There are 2 protein chains.
Amino acid sequence: MKIGELASATSTKVETVRYYEKIGLLAPPARTSANYRAYGNEHLARLSFIRRARDLGFTLEAVRELLTLSDDKAQSCDAVDSIARVHLADIERKISDLAALRAELDRVIGSCRKGTVEDCKIIETLGPKDVRA
Amino acid sequence: MKIGELASATSTKVETVRYYEKIGLLAPPARTSANYRAYGNEHLARLSFIRRARDLGFTLEAVRELLTLSDDKAQSCDAVDSIARVHLADIERKISDLAALRAELDRVIGSCRKGTVEDCKIIETLGPKDVRA
DNA sequence: TCTACACCCTGTAGCAACTACAGGGTCAAG
DNA sequence: CTTGACCCTGTAGTTGCTACAGGGTGTAGA
């Protein structure tokens, strides 16, 4: 399989595949006589794994750990579970941060009276509390 | 006011203040004889504005626009409102993306039976659908 | 056979928004 | 007079790609 085929089979860009190889996430494949990368099914499986983990929002560092763990079939699943839970907690924190942000932004936008910038409540909100320059 | 004072007054790092100056977001202040940056209240106000907008999740590009708009007091507030609304939509999209992610991750984690990696449902979920390498 | 075109290669630079040095200078206190 | 906290410039690192530039390869049609 050439890089373009692998890429489209995994909805990845060709550059990204090469990038994963460069950072050691995807093993360097064999080369053809023309120096083209020749991938096998093991690469396809590996890259699919990476893509799915990325789609779930895992960082590349977490993906790297998950890949290492997944290679040791006899090992306990605890470490995997732990990585996933940490990631979940992270996502939950982000969601609540964004929810707070939305509430605040809702409030700010709601206060807009469509006048001039002079008495724009949005700009006013952004301005400093005490200092008026 | 020296840069350290300005920074701590706005909960910003010194490097970030210099960075904002470098990218033209914060006007270069006067210098002391020792070549130290000497800030006035107008800088404090400006940086406070930037920080608040950033805290609300506006990109630096959006902040730049908001600053330009806020300087033209006679102008209609529409453009400001529009920037804020686009940003709100963006936040809402992010929230729903993350909520979907959380649901999926919840499902994956819930399936963990605490066995070995061999039959770990999390790893299995990440693996490819059809291809087994 | 020529040539156009899609694909492949390497290597480097760019994006956002900072952060972290390295290698210096300045200033007030003890 | 020295210690330590601050200041300066400039550059490189972070994450996860993406986008060239400047080449080589392979195949299909005229």
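In this text, all values refer to a predicted model and were calculated from it rather than measured experimentally. Chain naming here is simple, since letters A, B, ... match the order of the sequence lines and numbering starts at 1 in each.
- The side chain of Ile3(A) has dC8(C) as its nearest neighbour among dC8(C), dA17(C), dT19(C).
- Among the heavy atoms of the strands lying under 4.0 Å from Arg54(A) are primed sugar atoms or P, OP1, OP2 only; no base atom is included.
- dC7(C) atom P lies 14 Å from atom NZ of Lys13(A), rounded to whole Å.
- In this structure, Met1(B) places its CE atom 12 Å from P of dC7(D), rounding to the nearest Å.
- Between the CG atom in Asp78(A) and the CG atom in Leu69(A) there is a gap of 10.5 Å [rounded to 0.5 Å].
- Taking 4.5 Å as the limit, some side-chain heavy atom of Arg37(A) sits within range of a side-chain heavy atom of Glu21(A).
- For the pair Phe58(B) CZ and dA17(C) P, the computed distance is 13 Å after rounding to whole Å.
- Salt-bridge check for Asp71(A) with Arg46(A): passed, with a basic side-chain N closer than 4.0 Å to an acidic carboxylate O.
- Counting heavy atoms from C-beta on, the side chains of Leu25(A) and Tyr19(A) never come closer than 4.5 Å.
- Leu26(A) places its CG atom 13 Å from the P atom of dC17(D), with the value rounded to the nearest Å.
- Counting any heavy atom pair closer than 4.0 Å across all strands shown, Ile23(B) reaches no nucleic acid atom.
- Put simply, Tyr19(A) has no side-chain N or O that comes within less than 4.0 Å of OP1 or OP2 on dT15(D).
- Among the atoms of the strands shown, none is found under 4.0 Å from any heavy atom of Thr32(B).
- For Leu6(A) and dC9(C), the CG to P distance is 11 Å, given to the nearest whole Å.
- Contact annotation: Thr16(B) side-chain N/O to dT19(C) OP1/OP2 distance is under 4.0 Å.
- In terms of phosphate contacts, Arg18(A) brings no side-chain nitrogen or oxygen within less than 4.0 Å of OP1 or OP2 of dC20(D).
- Looking at which nucleotide of DNA chain D each of Glu15(B) and Gly4(B) is closest to, the 5′-most match is held by Gly4(B).
- Distance CD/Glu92(A) to CZ/Arg85(A): 11.0 Å, rounded to 0.5 Å.
- A sub-4.0 Å separation between OP1 or OP2 of dC18(C) and a side-chain N or O of Tyr20(B) is present.
- Along DNA chain C, the nucleotide nearest to Glu61(B) and the one nearest to Glu5(A) differ in position, and the one closer to the 5' end is contacted by Glu5(A).
- Rounded to an integer number of Å, the gap from Asn35(B) CG to dG24(C) C1' is 13 Å.
- Here Lys2(B) does not reach the OP1 or OP2 of dC27(C): none of its side-chain N or O atoms lies under 4.0 Å away.
- On a pure distance criterion of 3.5 Å, no polar donor-acceptor pair joins the side chain of Tyr36(A) and the base of dG26(D).
- Comparing dC17(D), dC8(D), dT19(C) by their nearest atom to the side chain of Arg31(B) picks out dC8(D).
- Distance CG/Asp106(B) to CG/Leu88(A): 5.0 Å, rounded to 0.5 Å.
- Between dT10(C) and Arg37(A), a contact under 4.0 Å exists linking OP1 or OP2 to a side-chain N or O.
- Among dC18(C), dC7(D), dT12(C), the nucleotide with an atom closest to any side-chain atom of Lys22(A) is dT12(C).
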